[in-house]
Amino acid sequence: MLILRTLARTGERHGFEIAEFIQQTSADVLQVEEGSLYPALQRLLAKAWVEAEWGRTAENRRARYYRLTPAGQRELQREMSEYRRLAEAIGLVLGGGDA
Amino acid sequence: MSLAVLFRRLRMLLRPDADAAGLEEEMRLHVELRASRLRREGWGEAEAEREARRRFGDTGRHLDASRDAWGVSVADAWLQDVRYAWKALRSARGTSLAIILVMAVVIGANTAIFGVLHALFLQRLPLPEPQELVAFTPMRDGRQHTLLLSDFEQVRRPAGVPPLEAYRFDRAWLGDASAREAVWVDHVTPGWFELLGARAMLGRTLGVADAGNKVAVVSHRVWRTHLQADSAAVGQTLRVNGEPVLVVGVMPPFYTGVHAARQFSLAMPIDVGGGGGPPDFGVLALHMIGRVPPGLWKDISAVVEGAFLSCCVTSRPTPSGVVRARQNQRDSPIPEDAPTGWSKIQAQGKHPHVVITDASRGLIWSRDYRGTYGVVLLALMGGVVILLLIAVANAGALLLARAVTRQREFAVRAAMGAGAARLARQLLAESLLLSAAGGVVGLVLARLGTVWLQGELPPELQPLQDVIAWKISPALLVFTAVLTTVGAVLFGVWPAIEARRADLLSPLQGSPRGGSGWSTSRIHRGLAVVQIALALVLVFTASLLTSTLRNLKRIEAAEAAHSVVVRVDGEHGGYADAGQLADDVLAVVSASSGVRNAAAMIDLPLVGDMWAGVRVRPLDVVLPEDLAAPRFNAVTSSYFDVAPVRILHGRGFLPSDHREAEAVAVLSKSLALQWFGSTLAVNRMLRVSDSMDVRIVGVAADVAYDDPRTPATPMWAMPLAQAPGGWTSLVLVAKTDDAGAAAVQIRTALASHGRVRLVSVMPYSVILNGLLARERLAAALGALFGGIALVLAIAGVHALLSHGTSRRAHEIGVRMAMGARPWHTVRLVVGQAVGLVLIAYALGVPAAVAATHLIRAQLYGLPAADPRVLVWSALLVGAGAVAGALIPAARAARVDPATALRE
């Protein structure tokens, strides 16, 4: 979901950039094993929620750029609303205030 | 899913390495970027590198995960399974080879027998639309009506009768004097080949224009042997009965006319060679063939019957007098297997009618081999099915045992993510691979088996050799494939089920003990018990069949010891009667050295291939209408000594019973009882051929004439010199000391005899051996199956117990440490085997008795549940099972307690 959201917010990005974005935007709270990003990207590719294209970075290095597809956009919306519902429900159970 | 994604998936499947390079590059870039970012934040060169790598994680694993992300299709999973199965099987070479061998033997045997069964029963004639071919057989007075050519023309003429053709078969000499061969000739009506739809391989078939000409179409075999397979054979001439006949065509190898079991040699036009002569049964009778779609049989046969009734029934009286199997006016040899003249088609009452029968699988004129061999072969199929079950149990047990030892491997794989279903699938892949290998090897064995079976076929089925050529028919392949798959599923199922239920954690923690091991052991023991029980069934059956063969051979030995059988034809010798012919030939035969006694007759005991139906009835007794006519034999006076036949009352024949003396006869005991109710028949009178009065002078003991198993053939005999009918072909039996040498001498002596033509000379035992071919085949195959089953059962017990002792080594070690002696352990293991055997007896004995009950018709001289044979078989199987326990027992006794306890 996070990858999809990243691409939704930033447009076209390559793998490293996506990882950086997630890390920085989450204020370094979300630090996952960086390599596991790539299998995730492949899964999204397989489901046609993103598409990829080889291009060149600013430093003229060959990199693969990913962007969201319309189907991916719809999936993102779905996942986000699911997550919000879940978060709400957990919040209700935990109750307001301190324990 | 878009096309691009689909395309990508396919590419991933077929060329998994294609994208790997790109992914690697991507990941490398990531690590480099991270490293340079770290350096900018102040990390050192090397440390930045290391940290970047650390944060990235294991590249290889990510690569694998990336690839897996594309979803492994079913085909890819199966491919993986097969590859893994191949490796797993290769590592357990012994077990795998054992299972493959077992499956191959069983599949091979089954396929071979099925192939022969198919050729005998299921295979249709190799003609277009064979299912339409039918035979019309006119009947009257409960017997086949002799259809003559003139009759046939009238039967086929009325409107509504479908196109009919007819043929008759006869014997002829083919070839020049030096290389002469007695063959069957089909005399066919002009439209015969067209009706059948048979095409010639070279030249043409017979047609309307050939009527009356001396032309012939030859078989492939004759083309090879008499025409040297010359491609310009058409237009050459062959000598048939000494006369030149023009060859106009050669038939392909698979053409057999409409015969099921007789070799086809020649076909000639019907009226060439004097067809349609005086009324005589047997070879002169025409057989009608037509094409009728299966649904219209009843209607069409009614039409044909109408035609038959109107043309042929009213005028002609039923021929009386002597009925012989050949016509007495032509120069042709006596056939070795003279047809009785009756086909196997049954009349449906005494009124005139026409019977329509299916001719699509060929017609049978001689002994109904389909009846006799069919039962044997079906029983064999049953035996092979049992063998298959044993093999499956054996293979299943072996795989099961291996599955248990592979629990650690399964546990590791499960921990790495393989689901239970995946494991089961992989095990099934292994068993499919094994049985596929078994199937392939089995086909090879089936080929060998078929060749062997063909060799074992009795003489009367030899003509089928060409037909039962081993072809990989689609039916055969399907059969083999089904067997293979069934076997695979059956013996793959248990290990697969076990794998799903297996406790996967404890194997990782230590050596497998208890838990699932116990239930596995129960199944394993059950499998061993099943194998022993089934082996008992097969061994028992085999023993019964072998005993039957032995009993029958004893009869043969008694009757035929040191006898030589000579067949002669004296038609052109100018003999006044059969008596003179007999005297002449007997003189020559008796003069041969080593011949102690000889007799001449027209019908040979135990073989009984010449049915001579002389009309006879007792004068002072009225017989029931439906009493079957007795067999007749005309013999010389020495017959009663030579056969030998015991005279119970009165006397046999004497040289004084010659032509001018009073006509006399001897009855067999069963005929006397049938006619008069007692054996006191001497001096009663008989009326023979409606004209001759004959006095009964003796009653003789019963002799088996047709089948060694049925000794009580009602028959009667007259001296050859007095018997009605101009018999010109005789059979002589000579008692000698050395059958072989005497045969040679007799052959030389008669070959140069001017007035008598020698047809054959051979030891009586050779002929009788042929008769027992069916029993020999059954006994041989039974012994083979029983042997295989026993070996498999022993192997099964061995595998079970050795597996059990190796797994319970710990327990054995404890016992020994606590004071048990080695022989205690041996007793323990062997005791287990004995336990299995006892349970197997409980299951196997009733099964064996039930199974052999099915074949009781094949047995002779002993009941189906013969207790002595049963006990012997059970002991044999039991001993085998215990023998299988010996090696594991010995190994268990050698267990070192210290090592065992440490494990």
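Letters A, B, ... mirror the listed sequences (proteins, then strands); counts begin at 1. Please read all numbers here as calculations on a predicted model, not as lab measurements. What you see below is based on every heavy atom in this structure, not just the backbone, and it leaves out hydrogens, waters and symmetry mates.
Of the residues A:His14, A:Arg61, A:Glu17, the one that meets the side chain to side chain contact (heavy atoms under 4.5 Å, CB included) test with B:Leu33 is A:His14.
Residue B:His30 comes nearest to A:Gly15 through the heavy atom pair ND1-C, 4.1 Å, listed as atom of the first residue, atom of the second, then distance.
Here A:Pro39 is the residue among A:Pro39, A:Ala71, A:Ala63 with the most heavy-atom pairs under 4.5 Å with chain B.
A heavy-atom distance below 4.5 Å is not found between the side chains of B:Val31 and A:Glu34.
Taking a 6.0 Å sphere around CH2 of B:Trp86, one finds it holds 12 or fewer heavy atoms contributed by other residues, nucleotides or ligands. Environment of CZ in B:Arg39: crowded, with over 12 heavy atoms of neighbouring residues, nucleotides or ligands closer than 6.0 Å. The number of heavy-atom neighbours closer than 6.0 Å to CD of A:Glu88, taken from other residues, nucleotides and ligands shown, is 12 or below. For A:Arg56, the CZ atom is densely surrounded, since the number of other residues' heavy atoms within 6.0 Å is greater than 12.
Contact of B:Asp58 with chain A is made through the backbone alone, with heavy-atom distances under 4.5 Å.
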**Request:** Carefully, step by step, assess A:Glu20 and B:Arg34 under the rule salt bridge (charged side-chain N to carboxylate O under 4.0 Å, His left out).
**Result:** CA-CA 9 Å; A:Glu20 274 290 283; B:Arg34 175 60 64 202; 2.7 Å; yes
**Message:** Quick one, B:His62 with A:Tyr38, criterion ring pair (Phe, Tyr, Trp, His ring centres under 6.0 Å). Give me CA distance, side-chain angles, the key distance, then yes/no.
**Reply:** CA-CA 7 Å; B:His62 294 312; A:Tyr38 289 90; 8.0 Å; no
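A salt bridge is absent between A:Arg62 and B:Glu26; no separation between the charged side-chain nitrogens and carboxylate oxygens falls under 4.0 Å. Contact check on A:Arg64 versus B:Glu25 returns no salt bridge, with no Lys/Arg side-chain nitrogen under 4.0 Å from an Asp/Glu carboxylate oxygen.
Here CZ of A:Phe16 is found 11.0 Å from CD of B:Glu32. Values are rounded to the nearest 0.5 Å.
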